[in-house]
Protein chains: 2
Amino acid sequence: MATGRTHRPATRSRGIPEATVARLPLYLRALTALSERSVPTVSSEELAAAAGVNSAKLRKDFSYLGSYGTRGVGYDVEYLVYQISRELGLTQDWPVVIVGIGNLGAALANYGGFASRGFRVAALIDADPALTGRTVAGIAVQHTDELEKIIDDNGVSIGVIATPAGAAQQVCERLVAAGVTSILNFAPTVLSVPDGVDVRKVDLSIELQILAFHEQRKASEENPGAGIDGSLPAAEEPPVVAKRAARNQAPAAGAERPASPDQGPDGDVPAVMPA
Amino acid sequence: MATGRTHRPATRSRGIPEATVARLPLYLRALTALSERSVPTVSSEELAAAAGVNSAKLRKDFSYLGSYGTRGVGYDVEYLVYQISRELGLTQDWPVVIVGIGNLGAALANYGGFASRGFRVAALIDADPALTGRTVAGIAVQHTDELEKIIDDNGVSIGVIATPAGAAQQVCERLVAAGVTSILNFAPTVLSVPDGVDVRKVDLSIELQILAFHEQRKASEENPGAGIDGSLPAAEEPPVVAKRAARNQAPAAGAERPASPDQGPDGDVPAVMPA
DNA sequence: AAATGTGAAAACATTCACAGCT
DNA sequence: AGCTGTGAATGTTTTCACATTT
């Protein structure tokens, strides 16, 4: 998932495994919930259950942070909340800009989780002049022209891209040039960035496709033999396959594609993007 | 059980590694773009670059699907598009329901990538009576009461949850009871589901927190001195390490020794939710 | 000559199982 | 007695490097 792997051991093995880092937010959320209920301590077993992992993994994860538990007792909730927050860098406030205020960008701006927990939406940016000045989630949308100034004025180092795919790379470059070094990309495109810049990607259609894969497998497990086209082209000639043997109900309006067997790049539906 | 007895080599054996499955959509997108430009063949090197991975990994991934390339030449773009689509189950049409039509749900409904590529939004569902009947992305929002009927009538097996966190588990249970076996969860909560049900999670604030972790590390690399050095003490620490972002800083609760759970609520907000 | 497909090695991640602390 | 912290074992993923095929 994480793109851009530019981390070196440098000195001491100060490196927490990436897989562990990815779970820390999960633990933090579970701990925060416990904290709100004034639960003073929690065992690895309980916390693991709340976070949806197993306890051995959790203990191993925590062991990379240090020894923050008490044998025979468990972990002090408040203390652990603080330690993990610190490890994640959430004890400081991160100003964030969101570029692309379409449906998705607006949803992100309204997302409560942003405002809490160390992140602050410093600005909303969009290329559409019709949007600038309008207010979304209590924040005025500013025009793309201002991008560099906004980044600079606010000391922004984290940017969120929620533009159409076609605009993403360009926006990315401007963000990076202006000083942003971490990007959360919602546009369905691969961003190329210089070393030292981190990119994380959230891609709806990829998630759905992964689900479809497993769903299909479930189906064929119950009903083997119903597979599509069992014939295995044992590496024959790569023919211009007549694709999509539509065997299902009619798709919604015009998502069909003409599969002319003779030639033609025939539009495979473009990788569309978020609004 | 069952499964596992592979007759012959060469063919796809059961069990494509999960890491590979997660990359197939990426390859598919890159291939689709090539297809649109009428590029007939592509090498592992080129395709890997377009997908943002390295070529050895790509070849290994493809080797799990079968031998679809031609040595000395590369891969036939159209053919590979078809093979990967088939493997992912995209040669059939998957009806999907979206539950929770707030900001996020609406954004998802409008997301173009949904309609294309084998997915079809079969229904939008929300608990708010004020919304039902209203149209979003050309689809009428229906009330939660209809959930079971909708699932059943449309043969839905994939559900998307975009409700507030508090409602997610309940919605999940109803979806599962009605026959849904794959869930894409946008609510920031851990869903518990019976065996056989797949859940994937998309969590904005987790992604941001992971970025913050790396961002923090970058900052302390340039500006050692006030870093997070794990071997040392907890207690206070001079926040505001970042080069940029010298804005506010967060709470920073006491967190001395793990002992007194007396105080706690430092106005820590709940794990908020979308919509 | 060019590029795939794949064993084998290396790196990384998870799980086990228990010694050691409270 | 209970629960953490961690080496060792196991499993998974990535990378290497090259024989094989066109």
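Please read all numbers here as calculations on a predicted model, not as lab measurements. Within every chain, numbering begins at 1; the chains are lettered A, B, ... in the order of the sequence lines, protein sequences first and strands thereafter.
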Using a cut-off of strictly less than 4.0 Å, decide whether A:S44 has a side-chain nitrogen or oxygen near OP1 or OP2 of D:dC3.
no
Output yes when at least one side-chain N/O atom of B:Y64 is less than 4.0 Å from OP1 or OP2 of D:dT14, else no.
no
Report yes or no: does A:D76 contribute a side-chain atom to a donor-acceptor pair with the main-chain N or O of A:L80 at less than 3.5 Å?
no
Spell out, as yes or no, whether a donor-acceptor pair under 3.5 Å connects the side chain of B:T20 to the backbone of B:I16.
no
Between [atom2] of [N] and [atom1] of [X], the distance in whole Å:
X     : N      : atom1 : atom2 : value
B:D61 : D:dT14 : CG    : P     : 7 Å
B:E45 : C:dT4  : CD    : P     : 8 Å
A:E18 : D:dT12 : CD    : C1'   : 17 Å
A:R23 : C:dA13 : CZ    : P     : 9 Å
A:I16 : C:dA13 : CD1   : C1'   : 15 Å

Contact pattern, 5' to 3', of nucleotides 15-22 of chain D - B, S or - by protein heavy atom under 4.0 Å
B-B-BBBB
Any pair with a residue in residues 48-65 of chain B that passes salt bridge (Lys or Arg N to Asp or Glu O under 4.0 Å), sequence neighbours left out, goes on the list, sorted by first then second residue, please.
B:R23-B:D61
Restricting to pairs with a member in residues 21-62 of chain A, which pass ring-ring contact (aromatic ring centres under 6.0 Å, His included), not counting sequence neighbours?
A:Y27-A:F62, A:F62-A:Y75
At 4.0 Å (heavy atoms only), tell me whether A:F62 reaches a base, stays on the sugar-phosphate, or touches nothing.
nothing
